[in-house]
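Below is one structure; the comments refer to it alone.
Keep in mind that this is a model prediction, so the values were computed, not measured.
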There are 2 protein chains.
Amino acid sequence: MPRTYSIAELARECGVTTRAIRFYEDQGMLSPLRDGQRRIYRPRDRTRLKLILRGKRLGFPLAEVREIIDLYDAPQGEDAQLHRLLAKIADRHRELEAKREDIEASLQELDAVADTCRDRLAELECGDRGGRRVKKPRRAAR
Amino acid sequence: MPRTYSIAELARECGVTTRAIRFYEDQGMLSPLRDGQRRIYRPRDRTRLKLILRGKRLGFPLAEVREIIDLYDAPQGEDAQLHRLLAKIADRHRELEAKREDIEASLQELDAVADTCRDRLAELECGDRGGRRVKKPRRAAR
DNA sequence: AATATGCTTTACGTTTACGTAAACGTCATG
DNA sequence: CATGACGTTTACGTAAACGTAAAGCATATT
């Protein structure tokens, strides 16, 4: 048999509280086995938890996270179902790429500020006391 | 003089409520001019609002969003200040790249599910009633 | 003058995503 | 046997991010 985890183990490994994990279960996002009262998490539960947390890091509300991870283990069903599934996947795809573009824009602007910042530092450190201007070398585009 | 916006204009353009905009002001993230009681937004206010919304889309809490956009108009000050600023920028940079990796992983897994899904569809549509297996052609990597 | 439109402040309500405490069960160990 | 370490359920509390009236001011139109 594969391997199992206690709730505390999972919590430690994933950097969340046990409360949070139970909460996700309440929301129908996890369904661990039971040994009497105790929850037993299998690798697939662990994977789902990690997916949940990744969704959260990306700013999706839990309700959406659930829809997303439900996509992951759904590719059964008949024709119409599969087409609906593909449509949903395409939606999420677009959503994620929009987010990626947001990130890339942010990174660029951040880099621009960093450049400005380094230019200022260069001015200061070469003992520039007056209004003399330093030639700003164009940074190579990454 | 450049151009100005009323709160309703900005709200419409950016797809948020006026309540939200006022809330961001309460949090010290916007400081529009006033014409008596009324708020007057200049281009820079508009830009800041868009930055706020982008930060939100990326899942940052407003408190962090404020720190981030504060980085944008801060590159003044003396040596030590500038170094602290650069450090903060580097932190945010790492944070954003981590998020981008999360996104890329999500996109890959999503694509994998889509492939599985299309394979199933192919099986169905070529009248596969039995357990016959369809050769899965490797999809070209984008 | 009255109505509409757009803005204002003040303030209480709501949803999400848990935190935190209480009160209890179950082993294993000192 | 009692003291922890770990788990459980139930339930109330809370921070963030607004939503939703309520009540009022200012200008424009009918």
Can you measure [X] atom [atom1] to [N] atom [atom2] for me and round it to whole angstrom units?
X	N	atom1	atom2	answer
Arg22(B)	dT9(C)	CZ	P	7 Å
Phe60(B)	dA17(D)	CZ	P	13 Å
Ile7(A)	dT9(D)	CD1	P	9 Å
Phe23(A)	dA11(D)	CZ	C1'	14 Å
Ile52(A)	dC18(C)	CD1	C1'	14 Å
Leu10(B)	dC7(C)	CG	C1'	14 Å
Tyr5(A)	dG7(D)	OH	P	15 Å

Taking only N and O in the side chain of Thr18(A), is any of them less than 4.0 Å away from OP1 or OP2 of dG7(D)?
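No, Thr18(A) has no side-chain N/O under 4.0 Å of OP1/OP2 on dG7(D).
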Looking only at side-chain N and O atoms, does Lys56(B) come under 4.0 Å of OP1 or OP2 in dC18(D)?
yes
Less than 4.5 Å apart, side chain to side chain, heavy atoms only: is that true for His83(A) and Asp79(A)?
yes
Heavy atom of residues 24-42 of chain B under 4.0 Å from DNA chain D: which residues?
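When residues 24-42 of chain B is checked for heavy atoms under 4.0 Å from DNA chain D, the hits, listed by number, are Tyr24(B).
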Can you give me the closest heavy-atom contact between [X] and [Y], atom names plus distance?
X	Y	answer
Gln76(A)	Gln81(A)	O-OE1, 3.9 Å
Leu49(B)	Leu30(B)	N-CD2, 3.9 Å
Cys117(B)	Leu86(A)	SG-CG, 3.8 Å

Under 6.0 Å from the CD atom of Glu64(B), do we count more than 12 heavy atoms belonging to anything else shown?
yes
Heavy-atom neighbours of Glu78(B) CD exceed 12 at 6.0 Å:
yes
So does Arg57(A) get a backbone contact from the side chain of Lys99(B), meaning a donor-acceptor N/O pair under 3.5 Å?
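Yes; at least one donor-acceptor contact below 3.5 Å.
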Give each protein N/O atom lying under 3.5 Å from an N/O atom of nucleotides 19-21 of chain D, with the pair distance.
residue, atom, partner, partner atom, Å
dG19(D), OP2, Thr17(B), OG1, 2.6
dG19(D), N7, Arg19(B), NE, 3.3
dG19(D), O6, Arg19(B), NH2, 3.1
dT20(D), O4, Arg19(B), NE, 3.0

Cluster overlap Phe23(A) with Tyr5(A), hydrophobic side-chain contacts below 4.5 Å
yes
Value rounded to 0.5 Å, distance of CE in Met29(A) from CD1 in Ile68(A)
9.0 Å
